Amino acid sequence: MSKLGIAAKRILVGRPQRSDRLSHTLLPKRIALPVFASDAMSSVAYAPEEIFLTLSAAGLAAYTFSPWVGLAVVVVLLTVVTSYRQNVQAYPSGGGDYEVATVNLGRRAGLTVASALLVDYTLTVAVSISAAAANVGALIPFVAENKVPFAVLAILLLTAVNLRGVKESGIAFAIPTYAFIAGVATMIIWGFTRVFVFGDEVRAASADLELLAEGDSFTGLALALLVLRSFTQGCAALTGVEAISNGVPAFEKPKSRNAATTLLLLGSISVVMFSGLIALALVTEAKIAEFPDTQIVGAPEGYVQQTLVAQLADAVFDTFRPGFFFVVVVTALILVLAANTAYNGFPVLGSILAQDRYLPRQLHTRGDRLAFSNGIMVLAGIAIVLVIGFQAEVTRLIALYTVGVFTSFTLSQSGMLRHWNRLLATETDRGARSRMRRAQAINGFGAVMTGVVLVIVLITKFTRGAWIAIAAMAVFYVLMKAIQRHYDRVAQELVAGDVDGVLPSRNHAIVLVSTLHKPALRALAYARATRPDVLEAVTVNVDDADTKRLMRDWSTRKLPVPLKVVESPYREITKPVLDYVRRIRSDNPRDVVTVFIPEYVVGRWWEHILHNQSALRLKGRLLFQPGVMVTSVPWQLASSERLVARRPETPPGSSRRGYDVLLPEDDAPVTPSPSTPATPGPRRP
């Protein structure tokens, strides 16, 4: 990495942290709440809106179902939060739903959960950022017209912040998260105070508009399915609950207790805000339609439908405009930051899956700032593809959303049932058994509730986009199985046997030369110092005059290494060398062949282009030849020395500059100096 690149990385990410600083990155509850629970809390900014949007298809009369739909969502939310408090106590290692399902239901169930969670986390980023773009668009029309570029830029910014580390990103996100909680809570309390205490008439700007049903009226089964679909849309409020069970290792000690307390805080805050927004929407008579152009009647010219939160803030703070702007701004911020839950869940899960050989091993290691940098980058890339593909439309994305969430919920709670059954089989203490029975009942109720929701989601959303999420889960599942098979096959292939490690009969060394200059002499000297059984220099005859000059110089210097000339009638270098090496191997299969290649080390990027690249091709071909070793012998040019002198001490984790190659394809002849030929070093005992 260049000096400028290192400086840019340090400004963006910060200085590297030592591995022994990992304990200092653990999170207290006040920071863990915005880090892991921002998604679940922020979902109250769009989950109530999705309930009203879905019910709007049946007209204004269907809004009477919204309190009951909201109540059903609250029951499921409290059930899941209570159930996951059992999970974090029983499995504090950070595997979360994946570990629970794998240990208790088997590897296939564990992989299904992992696939669902990977899809869920990527959709969390896409949905949250898209919802943020919609809320910012309520204030800034330019953003409403350019939601996709805004969403992509927000993802890139969020990625940069998370690359600085979990604790640093948590501190940065804590203030906006708590500001959102305070803003929404103040809006709800002040709105109800104005209505029920002061007797003010608080009405949304859309209160006087007429809302028409889509097409024919909804009755009977059609109405029931519509209400069920609104319930599944509202269940988006449950997303993010599972992230805490995956992030238990990031909490300060006692980890399980702190994670369980954070879950309780998350559930309490989410229920209050979710219920309050639905109630306030009914009191202010706010209307919001899925297709405002055709469903809204009586709207003034140029009417633009605002989000539900924006409408409520406009109505409650109609006499105090700073309050309106504050709520809209912090809502947009929390929706952007809600994606941070996925930025902490996806990389940790990816690391665990990589450790189990289901994902590439690069996802297992931490980066300079002790964050799982590779996982963060992968998550950002997939989320950007989703945002662009679905044009940052929340309603289109959210149809994909809850499938993965409730798949993992259901399998996790089912796994906890088997967990308690296994413990009950050996536990004899009456008090402990009573506690286990109570926990088992909680997880059993959670499994039933989330299973019912999953079935409803599949019925009501399959043709509206849920099939895409199911297909994505299947792709992740097949891909992870394929990666595991590859790693298992390689591990089996590399198992050492009794005959492995036997010394070869002889070492046949070859030094490739084109011109007798300093790099070639160094390569010859190093090859002699390794004391091979057979040592020879090889040149490829692509030009008769150059080959004769080399042979003349070789004879003049009286080098104690024989020079062999390999003919190349078609002026090719790689194939003649490969054919020569193969002949040596075929004549003596138990010998190893070591090929020494002199190389330039250059200091300027454009020198890589100017110098010969034939050795790179040759190395690539020799890698596939059994019994052949390739040794690079570097020669530092003056440009590389100046670069080292000019560059500060290389920071930890930075990349080393690679070598450029030196073979005869383009290099001009160099007149050999009259210095003494290189000789091998002292003999070793």
Side-chain angles (χ1 to χ4, degrees), residues 36 39-40 80 83-124 238-251 255-256 259 263 341-365 372 374-376 378-379 382 402-420 422 443 446-447 450-451 454 469-470 472-485 487-488:
F36 291 107
D39 175 30
V80 170
S83 299
Y84 270 88
R85 283 169 56 83
Q86 313 295 327
N87 287 36
V88 298
Q89 296 283 355
Y91 294 91
S93 63
D97 293 345
Y98 164 70
E99 183 179 4
V100 172
T102 301
V103 171
N104 297 289
L105 302 177
R107 290 193 173 275
R108 290 183 178 179
L111 268 188
T112 302
V113 169
S115 304
L117 288 174
L118 292 176
V119 172
D120 173 46
Y121 284 135
T122 55
L123 285 169
T124 294
L238 278 72
T239 56
V241 174
E242 77 288 344
I244 292 180
S245 65
N246 290 330
V248 175
F251 283 80
K255 296 178 182 293
S256 295
L263 269 168
T341 298
Y343 275 96
N344 287 282
F346 184 99
V348 172
L349 178 62
S351 174
I352 294 171
L353 290 170
Q355 188 175 7
D356 291 345
R357 299 190 295 187
Y358 288 118
L359 287 179
R361 290 175 179 170
Q362 293 88 334
L363 297 179
H364 177 54
T365 55
F372 295 105
N374 291 331
I376 291 172
V378 170
L379 173 64
I382 299 175
T402 47
V403 178
V405 178
F406 282 94
T407 298
S408 61
F409 283 168
T410 305
L411 289 176
S412 173
Q413 298 312 303
S414 302
M416 287 300 295
L417 286 177
R418 297 196 63 177
H419 167 79
W420 296 122
R422 190 171 62 250
N443 288 126
T450 55
L454 177 60
I470 297 172
M473 290 166 54
V475 169
F476 271 119
Y477 186 96
V478 172
L479 181 63
M480 287 190 289
K481 289 292 290 183
I483 291 173
Q484 183 203 32
R485 284 196 297 270
Y487 280 136
D488 288 347

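Only this structure's heavy atoms are used, side chains among them; waters, hydrogens and symmetry mates stay out. Note that the structure is a prediction, hence the values are computed from the model and not measured.
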To the nearest 0.5 Å, atom CG of Leu359 lies from atom CD of Gln484 at 11.0 Å

Do Leu105 and Arg418 have side-chain heavy atoms sitting under 4.5 Å apart?
-> yes

What pairs with Arg357 under salt bridge (charged side-chain N to carboxylate O under 4.0 Å, His left out), at least two apart in sequence or on another chain?
-> Asp488

For the student: nearest non-hydrogen atoms of Ala109 and Leu411, plus distance | O-CD1, 4.0 Å

Assess whether atom CZ of Arg108 is packed by more than 12 heavy atoms of other residues, nucleotides or ligands within 6.0 Å.
-> no

Does a side chain donor of either Ser408 or Asp120 reach within less than 3.5 Å of an acceptor in the other side chain?
-> no

What's the verdict on side-chain contact (heavy atoms from CB on, under 4.5 Å) for Leu353 and Leu118, showing C-alpha distance, side-chain angles and the deciding distance?
-> CA-CA 11 Å; Leu353 290 170; Leu118 292 176; 4.1 Å; yes

Specify the closest pair of heavy atoms between Pro347 and Ile376, including all atoms of both residues, with the distance to one decimal.
-> CG-CG1, 3.7 Å

Donor-acceptor contact below 3.5 Å, side chain Ser412 vs main chain Phe409 = no

Ala342 and Tyr121 have their tightest heavy-atom pair at CB-O, 3.3 Å

When you check the side-chain N and O atoms of Asp97 and Tyr84, is any donor under 3.5 Å from an acceptor?
-> yes

How many angstroms lie between CG in Leu349 and CG in Leu117, if you round to the nearest 0.5 Å?
-> 5.5 Å

What's the shortest heavy-atom distance between Met480 and Leu111, and which atoms?
-> CE-CD2, 3.7 Å

Set of side-chain hydrogen bond (donor to acceptor under 3.5 Å, both in side chains) partners for Ser83, sequence neighbours left out = Gln413

Report the distance from atom CD of Glu99 to atom CG of Asn104, rounding to the nearest 0.5 Å.
-> 9.0 Å

Nearest heavy-atom approach of Pro92 to Val248 is O-CG1, 3.3 Å

Nearest-0.5 Å distance, CG of residue Leu454 to OG1 of residue Thr410 = 5.0 Å

Contact summary for Pro360 and Ala354, nearest pair of heavy atoms = O-CB, 3.3 Å

In this structure, OH of Tyr98 is separated from CD1 of Ile352 (nearest 0.5 Å) by 8.0 Å

Step-by-step side-chain contact (heavy atoms from CB on, under 4.5 Å) determination, Gln89 to Arg85 | CA-CA 7 Å; Gln89 296 283 355; Arg85 283 169 56 83; 5.8 Å; no

Quick one: do Val378 and Phe346 satisfy side-chain contact (heavy atoms from CB on, under 4.5 Å)? Show the steps, please.
-> CA-CA 9 Å; Val378 170; Phe346 184 99; 4.1 Å; yes

Taken to the nearest 0.5 Å, the spacing of Asp356 CG from Arg107 CZ works out to 6.0 Å

Any Thr102 side-chain heavy atom under 4.5 Å of Val113 side chain = no

